[in-house]
Protein chains: 2
Amino acid sequence: MTGQEDVAALLLSRFSLLTKLSQDDRNAIARLSFDIQSVPAHHHLVREGAPISRCCILLEGYACRHKLNAQGHRQIVSFHVRGDLLDLQHLPFETADHNIQTITKSDVAWVPSSQLQRLLIDRPAIAHALWQDALIEASIFREWVLNVGRRNALTRIAHMLCEFAVRAQALGLGTTDTFEFPMTQSDIADATGLTSVHVNRTLRRLRDSGAFEQDRHVARIRDWTQLKSIAGFDPGYLHGLGIAA
Amino acid sequence: MTGQEDVAALLLSRFSLLTKLSQDDRNAIARLSFDIQSVPAHHHLVREGAPISRCCILLEGYACRHKLNAQGHRQIVSFHVRGDLLDLQHLPFETADHNIQTITKSDVAWVPSSQLQRLLIDRPAIAHALWQDALIEASIFREWVLNVGRRNALTRIAHMLCEFAVRAQALGLGTTDTFEFPMTQSDIADATGLTSVHVNRTLRRLRDSGAFEQDRHVARIRDWTQLKSIAGFDPGYLHGLGIAA
DNA sequence: CGACAACTTGACGGGCGTCAACCGGAGTGG
DNA sequence: CCACTCCGGTTGACGCCCGTCAAGTTGTCG
């Protein structure tokens with residue numbers, strides 16, 4: 001199990017990617033109070049319409065944001081990994097506008113929203129990191145609109161894989177060649193606006209082309225140049241995830 | 001033509017929707033220096049990849065954000081109207097990740113990014129308004145991912161119209177029944193991930209159903225209940241645009 | 001080893017894209 | 001004031017990408 005100091009350390013390492021923190025900033029983060037919790041796979045961390053009083057940090061595992069249309073069909077709007085702040089997007093609001101759900105068994109930490117709000121006012125460097133984090137995510141949302149709106153199935157899935165690979169590497173979760181990827185084909189379908197049947201067909205085409213393969217929950221990019229070319233992938237919109245790319 | 005005070009007044013009225021401002025806040029906004037400019041329709045205000053040094057405010061007219069895929073096909077990710085701050089999404093970044101383009105002949109004001117960054121640090125109430133503005137827009141991006149990913153053409157277009165109608169009314173640009181709507185069918189296509197041909201067919205279905213009609217650049221919602229029902233529209237994700245809805 | 005989730009594959013159909021042609025209105029220049 | 005041009009809207013024919021339905025296989029966990 002994780003302790004309070006481990007959560008603070010994880011936050012510090014994440015913020016350090018985005019900005020330069022003073023000792024006062026570090027102390028302020030160390031003073032945050034976390035409520036740590038283990039949750040199973042497919043557990044709802046936040047539900048659309050629920051009031052926002054605390055902010056969730058993903059300590060371990062994989063999660064996603066999603067929305068449902070009137071018929072209950074799911075659209076995933078982002079994937080999340082260890083270290084991601086899952087509620088920044090909701091921070092100034094009264095109620096949640098989307099669902100946040102784990103994909104795998106996960107550990108999370110909860111912080112009262114009020115404590116984060118205070119950091120926004122008192123600690124400009126931290127505020128700057130939080131702005132960057134939230135706006136990089138907004139940039140990813142825009143890229144996903146393009147992805148589902150103006151790319152075909154092959155390109156769409158390839159693009160999603162490229163993005164995840166780059167993010168996983170930048171956050172120290174693997175290399176661009178090999179990384180953990182626990183999403184089911186049904187998850188990929190909901191993220192790309194396709195059906196799981198068509199995702200299956202399309203993944204096979206990618207496998208046959210020699211660009212990408214999967215062994216259970218481990219993804220392997222066999223030909224990065226080719227996959228990038230299929231996807232038309234340009235990582236500029238990730239803004240280096242705050243890191244000098 | 002518009003003067004410096006008019007721009008400040010427009011910003012004040014916008015921020016007042018989102019937060020409560022003190023006299024010091026108002027003074028700080030009045031001290032911003034604006035560079036005012038008239039631009040023609042289809043003019044690029046910001047180009048993807050360009051460095052960010054100033055922030056654009058739309059004083060009059062209509063604009064959109066968009067991205068291009070590898071084949072040069074356009075995806076519009078948001079529409080903008082009078083009073084919108086067009087570069088909040090880019091504020092902490094070095095370079096633009098998308099294009100911003102006028103739809104109609106427009107007036108804009110430019111503010112140095114550094115002056116806005118300063119407000120973020122010095123004026124918490126204004127910072128809060130800017131956070132809300134940026135995150136409401138992020139929420140709209142998420143809804144658009146759902147829109148293009150998990151809705152059919154009829155629902156998709158109806159949803160886009162509902163959203164625009166609600167925003168136009170909230171910002172005082174018309175009623176929910178009648179509002180200016182200068183987007184071409186090609187613009188609508190690029191916003192919904194369809195082709196202009198199919199948009200045409202689908203708009204006719206909407207017209208035939210009696211829910212919506214257009215006379216040149218004026219949109220008229222003839223049956224709001226029906227249009228909302230076709231769209232499966234729930235305005236929660238707009239967070240009242242900061243207004244008590 | 002039974003149950004269930006996830007993956008796989010095939011047949012078929014439809015929603016939307018593509019191509020092409022024509023129309024109407026607004027702006028422009030002679 | 002009229003002819004020309006061009007952009008945007010409109011409609012039809014045709015085809016493909018992807019959805020739907022259905023069945024079977026594999027993998028995993030209790």
Side-chain angles (χ1 to χ4, degrees), chain A residues 40-43 62 64 69 71-76 101-105 147-160 180-208 212-219 230, chain B residues 40-43 62 64 69 71-76 101-105 147-160 180-208 212-219 230:
Chain A
H42 309 118
H43 175 83
Y62 295 82
C64 69
N69 73 3
Q71 288 78 46
H73 295 145
R74 186 171 77 145
Q75 177 68 47
I76 293 178
Q101 193 177 12
T102 59
I103 289 171
T104 62
K105 186 170 167 316
N147 205 36
V148 293
R150 284 286 183 248
R151 291 192 182 113
N152 62 29
L154 187 69
T155 309
R156 214 183 284 187
I157 292 176
H159 196 280
M160 195 221 68
E180 195 184 358
F181 191 77
M183 291 74 178
T184 66
Q185 292 183 357
S186 188
D187 292 329
I188 299 175
D190 288 345
T192 51
L194 300 165
T195 58
S196 59
V197 173
H198 202 64
V199 166
N200 185 287
R201 290 192 275 248
T202 308
L203 280 177
R204 189 152 70 86
R205 285 179 60 196
L206 275 180
R207 195 162 55 240
D208 291 348
F212 175 83
E213 66 182 15
Q214 248 180 309
D215 177 27
R216 304 190 310 169
H217 286 179
V218 176
I230 292 172
Chain B
H42 309 117
H43 175 82
Y62 295 82
C64 68
N69 73 2
Q71 287 79 47
H73 294 147
R74 186 170 77 145
Q75 176 68 48
I76 293 177
Q101 195 176 12
T102 58
I103 288 171
T104 62
K105 187 171 166 319
N147 206 34
V148 294
R150 286 284 184 247
R151 292 193 182 112
N152 63 26
L154 186 68
T155 309
R156 214 183 283 188
I157 292 176
H159 196 280
M160 195 221 67
E180 197 184 355
F181 192 76
M183 291 73 176
T184 65
Q185 292 184 355
S186 187
D187 292 330
I188 300 175
D190 288 345
T192 51
L194 300 165
T195 59
S196 58
V197 172
H198 202 65
V199 166
N200 184 288
R201 290 192 275 247
T202 309
L203 280 177
R204 189 153 70 86
R205 284 179 61 197
L206 276 180
R207 195 163 54 239
D208 291 349
F212 175 83
E213 67 182 14
Q214 247 180 312
D215 177 27
R216 304 192 310 171
H217 286 179
V218 175
I230 292 172

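The sequence lines fix the lettering, A, B, ..., with proteins before strands; numbering per chain opens at 1.
The interatomic distance linking B:Gln214 (CD) with D:dG8 (C1') rounds to 12 Å, in whole Å. For A:Met183 and C:dA5, the CE to P distance is 20 Å, given to the nearest whole Å. With rounding to whole Å, B:Leu154 atom CG is found 9 Å from C:dC16 atom P. B:Lys105 places its NZ atom 15 Å from the C1' atom of C:dG27, with the value rounded to the nearest Å. Between the CD atom of B:Gln185 and the P atom of D:dT11 there is a distance of 10 Å, rounded to whole Å. Residue A:Ile188 contributes atom CD1, which lies 12 Å from atom C1' of C:dA6 at whole-angstrom precision. One interatomic measurement links the two molecules: CZ of B:Arg156 to C1' of C:dG17, which rounds to 12 Å at whole-angstrom precision. Following rounding to the nearest Å, B:Asp187 (CG) and D:dG9 (C1') show an atom-to-atom distance of 13 Å.
The structure places NE2 of A:His73 at 6.0 Å from CG of A:Asn69, a figure rounded to the nearest 0.5 Å. Between the CG atom of B:Leu203 and the CD atom of B:Gln185 there is a distance of 5.5 Å, given to the nearest 0.5 Å.
B:Ser186 contributes no side-chain N or O that, together with a main-chain N or O of B:Ser196, makes up a donor-acceptor pair within less than 3.5 Å. Using a distance-only test at 3.5 Å, with no hydrogens or angles considered, a donor-acceptor pair links the side chain of A:Thr102 to the main chain of A:His43. In terms of modelled atom types and a separation under 3.5 Å, the side chain of A:Arg205 and the main chain of A:Asn200 share no donor-acceptor contact. Judged purely by atom type and a 3.5 angstrom limit, B:Glu213 has no side-chain atom pairing as donor or acceptor with the backbone of B:Ala219. Looking at A:Asp187, its side chain does come within 3.5 Å of a backbone N or O of A:Thr184 through a donor-acceptor pair.
Across D:dC18, D:dG9, C:dT8, the shortest atom-to-atom separation from the side chain of B:Thr184 is found for D:dG9. For B:Ala153, the side-chain atoms get nearest to C:dC16 when compared with the rest of C:dT8, C:dC16, D:dG8.
Axis angle between the ends of the helix from C:dC1-D:dG30 to C:dG30-D:dC1, five pairs each and rounded to 10 degrees, works out to 50°.
For the side chain to side chain contact (heavy atoms under 4.5 Å, CB included) test, residues two or more places apart in sequence or in another chain that qualify with A:His217 are A:Pro182. Taking the side chain to side chain donor-acceptor pair (under 3.5 Å) definition, one finds that A:Arg201 meets it with A:His198, sequence neighbours left out. Judged as a salt bridge (Lys or Arg N to Asp or Glu O under 4.0 Å), and not counting sequence neighbours, the contacts of A:Asp208 are A:Arg204.
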Interface polar pairs with nucleotides 23-26 of chain C, N/O, under 3.5 angstrom:
from, atom 1, to, atom 2, distance (Å)
C:dA26, OP1, B:Arg216, NH1, 2.6

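Between A:Arg207 and A:Arg150, the residue whose closest nucleotide on DNA chain C is further toward the 5' end is A:Arg207.
Contacts of residues 194-205 of chain A with DNA chain D (heavy atom under 4.0 Å): A:Leu194, A:Thr195, A:Val197, A:His198, A:Arg201.
The two residues A:Thr155 and A:Asn147 make their nearest non-hydrogen contact at O-OD1, 4.5 Å.
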